[in-house]
Amino acid sequence: MNSVPAETYLDHAASSPLRAVAREALLEALDLVGNPSALHRSGQRARRVLEDARESLAESVGAHPTEVVLTSGGSEADSIALLGSLAARPERTASVVGALEHPAVLGMAERGARLIPAGTDGTLDVDAAAALLDEHVAVCSVMAVNNETGIVQPVDEIRRLAQKRGIWMHSDQVQALGHVPVDFGEQGLDLASLSAHKIGGPVGVGALLVRRGSRPTSIGLGGAQEGGIRSGTAMVALAAGFAAAAREAVADLGAERLRLGDLQERVVGLATALGGDVTTVGATHAPHIINVVFPGLRASDLLFLLDRQGVRASVGSACRAGVHQPSEVLLAMGRGEEAARSVVRFSLGHSSTETDVDRLGQVLPDAVATAREAYARH
């Protein structure tokens with residue numbers, strides 16, 4: 001009987017295992033009875049836990065508690081930021097988003113958004129952005145760290161251009177939190193999106209940071225619980241878990257960046273030794289994502305072979321309903337369709353260890369060779 005290989009989890013950018021502190025906070029808050037909008041004592045106890053979580057999260061990301069709008073995750077936060085900003089500013093009818101954005105933002109292209117093109121280095125073209133940002137634009141959105149490549153984007157340069165023209169600036173900071181510094185107050189953004197489960201918090205909760213004075217219109221109906229911007233009964237336990245995860249992630253940020261950076265270098269070495277083209281080489285990047293084009297194979301074949309050996313990786317963004325398609329990020333970088341079908345993302349997080357990289361080193365050479373043989377026969 002074949003034994004099942006131990007799991008080596010290298011897909012933290014899709015979802016990171018729940019931290020112990022987040023689990024503890026989540027379970028403790030799950031015992032609370034009462035809707036936090038209720039006036040009785042049970043409701044008010046739940047409200048206190050909710051607001052404590054909001055204050056803690058705000059402190060972790062350099063925001064004021066009143067600027068924290070809790071959401072179901074990063075995708076909802078992105079949607080509120082973009083659609084809500086357009087609705088709030090009817091005198092401005094256009095939006096601008098980066099060509100490398102997460103699907104929750106890039107979907108605005110189907111609604112007529114102007115796209116900031118990217119260069120082959122994986123960063124957005126600031127000069128091109130300047131030409132797109134005019135008095136008709138209500139909101140501009142540029143992610144801080146690309147979710148597929150890990151490359152840091154020129155958010156601040158584009159923010160300065162946008163705000164000179166009275167344009168609200170939004171940044172998807174989902175892959176930044178816990179990996180590079182996030183300080184909403186210092187960054188000068190109008191809006192920023194966060195997600196709990198990317199940093200070891202629970203799935204199902206995120207936040208939109210909204211600078212006072214930049215108020216998007218609610219895009220849903222309901223009780224307007226989150227300052228009139230997002231409706232729905234507040235997720236008290238999830239918020240408590242999110243806040244606990246963020247506290248730990250930010251407290252350990254300096255040491256963790258160094259630790260993950262060392263692991264990242266090892267993975268890069270493994271990939272390049274096998275002929276992999278690592279897209280972050282030469283670019284400023286976060287320490288947790290390694291994006292590799294393996295010429296001469298299909299990424300789906302390689303992932304299947306790795307998965308059989310207990311190694312979990314991905315082809316890029318997980319928000320694609322399990323369907324493998326060419327990477328839109330690689331295509332936007334001008335890499336071509338063959339490269340976009342051959343790209344694999346390994347991503348690290350709080351539970352990653354040297355043992356995980358050792359295991360990858362044991363199985364990756366044979367998996368790449370087998371995947372290339374299968375491709376050659378195709």
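Remember, predicted model here, so these are calculated numbers, not experimental data.
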Among residues two or more places apart or on two chains, list those pairs meeting side-chain hydrogen bond (donor to acceptor under 3.5 Å, both in side chains) that have a residue in [range].
range	value
residues 224-244	R54-E226, E76-R230
residues 26-36	none
residues 103-119	R114-D134

Can a donor-acceptor pair be found between the side chains of Q44 and R48 at a distance below 3.5 Å? no

Distance only, no hydrogens: is a donor on one side chain within 3.5 Å (strictly under) of an acceptor on the other, for H197 and S15? yes

Single-linkage hydrophobic cluster, 4.5 Å side-chain cutoff, [X] and [Y] together:
X	Y	answer
I290	Y9	no
L260	I289	no
V180	V268	no

Note, [X] side chain near [Y] side chain (heavy atom, < 4.5 Å):
X	Y	result
L106	L115	yes
E256	H350	yes
E67	R212	yes
I151	V145	no
E354	L263	yes
L209	L191	no

Applying side chain to side chain contact (heavy atoms under 4.5 Å, CB included) to H288 and H12, what does each step give before you reach the verdict? CA-CA 8 Å; H288 67 302; H12 287 258; 5.7 Å; no

Results of side chain to side chain contact (heavy atoms under 4.5 Å, CB included) for [X] - residues two or more places apart only:
X	answer
V49	A29, L32, V236, A240
P365	L274
A128	P117, D125

Got a sec: does the CG of L221 have more than 12 other heavy atoms crowding it under 6.0 Å? no

Tell me whether the count of non-hydrogen atoms from other residues, nucleotides or ligands lying under 6.0 Å of CD in E59 goes above 12. no

Atom pair CG/CG of L302 and L297 - distance to nearest 0.5 Å: 5.5 Å

Under 3.5 Å, is there a donor-acceptor pair between the side chain of [X] and the main chain of [Y]?
X	Y	answer
T272	G269	yes
N146	L100	yes
D252	A249	no
N291	T279	no
K198	A13	yes
S342	P295	no
H40	G43	yes

Among all residues two or more places apart in sequence or in another chain, which pass the side-chain hydrogen bond (donor to acceptor under 3.5 Å, both in side chains) test with [X]?
X	answer
T280	none
S214	D190
R359	Q309, Q362

Let me know which of S141, S193, S195 forms a side-chain hydrogen bond (donor to acceptor under 3.5 Å, both in side chains) with D78. S193

Apply side chain to side chain contact (heavy atoms under 4.5 Å, CB included) to the pair H102 and V174, showing each step before the final yes or no. CA-CA 10 Å; H102 184 278; V174 166; over 6 Å; no

Decide side chain to side chain contact (heavy atoms under 4.5 Å, CB included) for R159 and C140; before the verdict, give the C-alpha distance in whole Å, the side-chain angles of both, and the deciding distance to 0.1 Å. CA-CA 8 Å; R159 176 194 64 80; C140 175; over 6 Å; no

Closest non-hydrogen atom pair, S85 against V139: CB-CB, 3.8 Å

Side-chain donor/acceptor pairs under 3.5 Å, residues 18-26, sequence neighbours excluded:
from	atom 1	to	atom 2	distance (Å)
R19	NE	I199	O	2.5
R19	NH1	E248	OE2	2.9
R19	NH2	I199	O	3.4

For residues 330-338, tabulate all N or O donor-acceptor pairs below 3.5 Å that involve a side-chain atom, not counting sequence neighbours.
from	atom 1	to	atom 2	distance (Å)
R335	NH1	D277	OD2	2.7
E337	OE2	R341	NE	3.4
E337	OE2	R341	NH2	3.1

Strictly below 4.0 Å, N to O, side chains only: are E135 and R92 in salt-bridge contact? no

D11 and R345 ion-paired at < 4.0 Å: yes

Has R211 got its NZ or CZ under 6.0 Å from the middle of the six-membered ring of F184, at an angle within 45 degrees of the ring axis? yes

So the salt bridge (charged side-chain N to carboxylate O under 4.0 Å, His left out) pairs with at least one residue in residues 160-172 (sequence neighbours excluded) are D156-R160

Check T8, L306, L305 against V363 for a side chain to side chain contact (heavy atoms under 4.5 Å, CB included) and give me the one that passes. L306

